Amino acid sequence: MVSLRNIVSFERVKWTIALYLLLQLSLVSAVKHHDFKTCDQSGFCKRNRAYADAVSASATQSPYQINPETIVFSQGQFNAIVDKLLTDGTIVKLPLTVSFLSSGLSRITLDEERRQKGEIELRHESKARKERFNQAPDWAIVGGLDFDKSAQLSEQQVSGTTSVQYGADKRKKAIIQHNPFKIVFERDDQVQMIFNDRGFMNLEHWRPKIDQADDDGSEKEDQSTWWEESFGGNTDSKPKGPESLGLDITFSGYEHVYGIPEHTGPLSLRETRGGSDGAFTEPYRLYNTDVFEYELNSPMTLYGAIPFMHAHKQGSTVGVLWLSAAETWVDIVKAKRSGQTKRDTQTHWFSESGILDIFVFLGPKPADLTKAMGDLTGNSQLPAQFSIAYHQCRWNYMSDEEVQEVNAKFDKSAIPVDVIWLDLEYTDDRKYFTWDPDKFQNPIGMHERLDLQHRKTVVLIDPHIKNTHDYSVVQDLKEKGLAVRNKMEQIFEGWCWPGSSHWIDCFSPEGRAWWSSLFKLDYFKGSTLNTYVWNDMNEPSVFNGPEITMPKDNLHHGNWEHRDIHNINGMTFVNATYHALLERNPKKPTRPFVLTRSFYAGSQRLGAMWTGDNLADWSHLKESIPMILSLNIAGFPNSGADVGGFFGTPSPELLTRWFQAGAFYPFFRAHAHLDTRRREPYVAGSPYTEIMTRAIRLRYQLLPAWYTAFHEASITNAPILRPQYYMFPNDEAGFDIDDQFYLASTGLLIKPITMEGATSTDIYIADDEIYYDYFDNVIYSKPGTYRLETPLDRIPVLAQGGHIIPRKDRPRRSSSLMKYDPFTLVVFIGKTGNAGGSLYVDDGETFDYQSGAYIHSEFSFDSDSSTLSSRDITVKGSMTKAYHKAMAEVRIERIVFIGAPSEWQGKTSVTSEQDSKKHESQLTFGESVGGKAAWAVVKDPKITITKDWKISLA
Ligand SMILES: *[C@@H]1O[C@H](CO)[C@@H](O)[C@H](O)[C@H]1NC(C)=O
């Protein structure tokens, strides 16, 4: 029976969704600012900025001081109590730890002393946990926490401070000032960063609510947002009152800061207060949210958050990881200290709740930061090979016939593709784990047909579960009590794609275990082992919630408030999906592929991300580059933007340029809104289709280099796309450049065209090395800025001399079909005459590589002996032998030398040697003409990839 109330609310749901869709369809591209808070509308943001202003305006001393009697230093850890002195003379005790880690990092935590039971009264009958949230590390951190027991107190101690020397050669020093509390970090006797430099430290201690009227009348803080806060018709009940924490961090002499994705805007972060032209006025915000039609060049929050910042100056990079899961804002100001030539970057961070937990990275190289970040939060997943190839997505392919049609058209146009995606509409009435019985009558058959070309499907599965009576998933969720609860401790209900919905709480281990059970092949009928998953809307997006997300006073597992864990929420859901995919095939697990929209530090372990709902506009194509670079340096390299732009219809030229750029995104997927015209690469016709096809084939040709790059990222978490400052930390001219990048260690320098009608572009070369145009071998032999002609069929790609790049040149329909194809090696000879490179190969799908089932070769070309050689650097394991045997026939069929020495002219044969067998093969030489490099090609040298070999060209 349907009650009147249900009918009413059902109607409201329908209207809300209709309205939401209508808004989506209107192509007015403007973010709805009124849906999202400005700093002034976020109580703790306003309070912390006001606090900073008050401190700056007065000479009063920061009220935080270490009680010297509480100091204990032992085994790499400094412990003390920081006293916060209140104006009425009371003291709030804040336990402080400064830990020195064997990785060379240090870590600062500050908590609030736990009270006696009953001492803290929540303002109303909330079950919210009466502690500061301290479990972010359980989700984000996977290692790197060993203490540096050799850290020692400095021999000379200045009174009122405690100085600790740590790190290799004791080159690092933390000078902890007691009163007022402050920490100065030095490296090589130079100040790098200062905590509480400007005295903005502010930990809002827990307190009982006292009616303002009963107050003693002394100077009053603005308490209007302490106990309750309203925004956009929603009221946050704030049972714990104010509990934010803020701190200023000055990077001394560092003029550039990078990171803290996800934002639009330049890679080098802008000032946010009192800055010069082009500065923002709002702080950078980190509060994962479904920002509809997000705007460019803005510090507004987006879908994900990695609170990791690099500060960079000539020859040195340092940084901080601000490990808060709560809403966080960061103000940035650049200012010159008297007597200095370079400005400092002064940052001010504040989060709504939780403990203070900060990791300090002292570099000195950008790679030291990304490596240490990988040690802490995990390296990028070694992805399944198919997932780094091309993905075709659209909202929506509406039936299994339509999927078949797309599949066939790719084949007919000879365009490679590995994955066809299904957005929302494949489900039966937006119930995940079901299929629309009319449109997708035979999903298994659909998968099987795709499987003929070794293609996969990815299907959308979101965290909102439709609240309806005939759906076993929601029944289970309710019965087992695994959903997020509201402040009244009832199951939280909100609106999303299916209308009225509930949300699985993946903070609960039982919730995650249950989630795994839903992916079993006999439960998720119509899925196969080749069905992978797209987790969207996991910020979580709640259409009728405050700022399109969950109320902050909702409750999660362990009775933590949503406020405490918000930015980690999306990651817990992907974690559950990742493990679900592992467990659906327990005997021989394959590498899960999960795409996420929401993320946090650590999400790189679980899969790929994309930059959400962008727009088919040149400006969005352009801005995708700094966005992806920011993710790469912040530890999440496997990232991409929707090729073509999600909303709107791209012109054929824009689409073509976007494919050319997308072929160099680590995650390469085209996607489109329901309301846009069809735009698969075969639709546009000549010459666009041919040019897009070439871009996609270029991606497939370079897959061995990409896979080797992903492998490197899985070991070091190094960026896959590397910005100029990362490559050339000493070259100041590159610190602001964010429209060109290097592909991992390959030496390939790419400058995507992001301007309509561009017939040329400038590319910047920082180093004194030879560069070759990847396509026609034109030589650039000096540092400087060069103009490249860029007709539509041209992607500006230069190859830095000194690298050897593995390729597979035979076009195929999908990457799995290339498995046993022979390789081509391209040797770009550098200024010294030498070159080097590497190749990593494994089965691309299982975890056998963990038992040594892979091939890892290091190539080098030595000019003195004119020898190109390959050395097996595989770390052997139990499965190495069998794998090498299976791959024993895979050859290198061609070796191309670019920049071949003129002495090779007239040479017609070379000798290769493998397994003590010698072979003569043909060499073709091409002279240098018209500014193009001389080249040489060795044809079929009869060498295979599993064993060492060498080729003599002397
Ligand atoms: C998923 O989360 C659990 C619980 O925190 C953790 O033990 C596990 O390592 C995570 N999985 C991955 C792949 O990060």
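FYI, side chains are in, hydrogens and waters are out, and symmetry mates aren't considered; it's all heavy atoms of this structure. Predicted, not measured: the structure shown is a model, and the values here were computed from it. One-based numbering, in listed order, for ligands and for the atoms of each.
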| query | Among side-chain atoms of D843 and T846, is any donor-acceptor pair under 3.5 angstrom? | reply | yes
| task | Apply the test side-chain hydrogen bond (donor to acceptor under 3.5 Å, both in side chains) to residues N569 and N288: give CA-CA distance (whole Å), side-chain angles for both, the deciding distance (0.1 Å), then the verdict. | result | CA-CA 9 Å; N569 184 76; N288 299 347; over 6 Å; no
| N/O of Y578 under 3.5 Å from N/O of ligand 1, yes or no? | no
| said: Could you tell me, atom by atom, which parts of ligand 1 come under 4.0 Å of a heavy atom of L606? | reply: 12 (C), 13 (C), 14 (O)
| request: Considering only NZ, NE, NH1 and NH2 on the basic side and carboxylate oxygens on the acidic side, decide whether E547 and R285 come within less than 4.0 Å. | output: yes
| task | Using only heavy-atom distances, determine whether the side chains of D375 and S103 contain a donor-acceptor pair under 3.5 Å. | result | no
| With atoms numbered from 1 as shown, which atoms in ligand 1 lie under 4.0 angstrom from a non-hydrogen atom of D138? | 5 (O)
| query | Mind checking whether N575 has an N or O less than 3.5 Å away from an N or O of ligand 1? | reply | yes
| Protein heavy-atom partner closest to atom 14 (O) of ligand 1 - residue, atom, separation in Å | R605 NE, 2.9 Å
| request: Give the residue, atom name and distance (to 0.1 Å) of the protein heavy atom nearest atom 11 (N) of ligand 1. | output: H579 NE2, 2.8 Å
| task | State whether F386 and K456 meet the cation-pi test: NZ (Lys) or CZ (Arg) under 6.0 Å from the six-membered ring centroid, and within 45° of the perpendicular axis. | result | yes
| Can a donor-acceptor pair be found between the side chains of T596 and N538 at a distance below 3.5 Å? | yes
| task | Please identify which atoms of ligand 1 are closer than 4.0 Å to at least one heavy atom of R512. | result | 4 (C)
| field | atom 9 (O) of ligand 1: any protein heavy atom closer than 4.0 Å | value | no
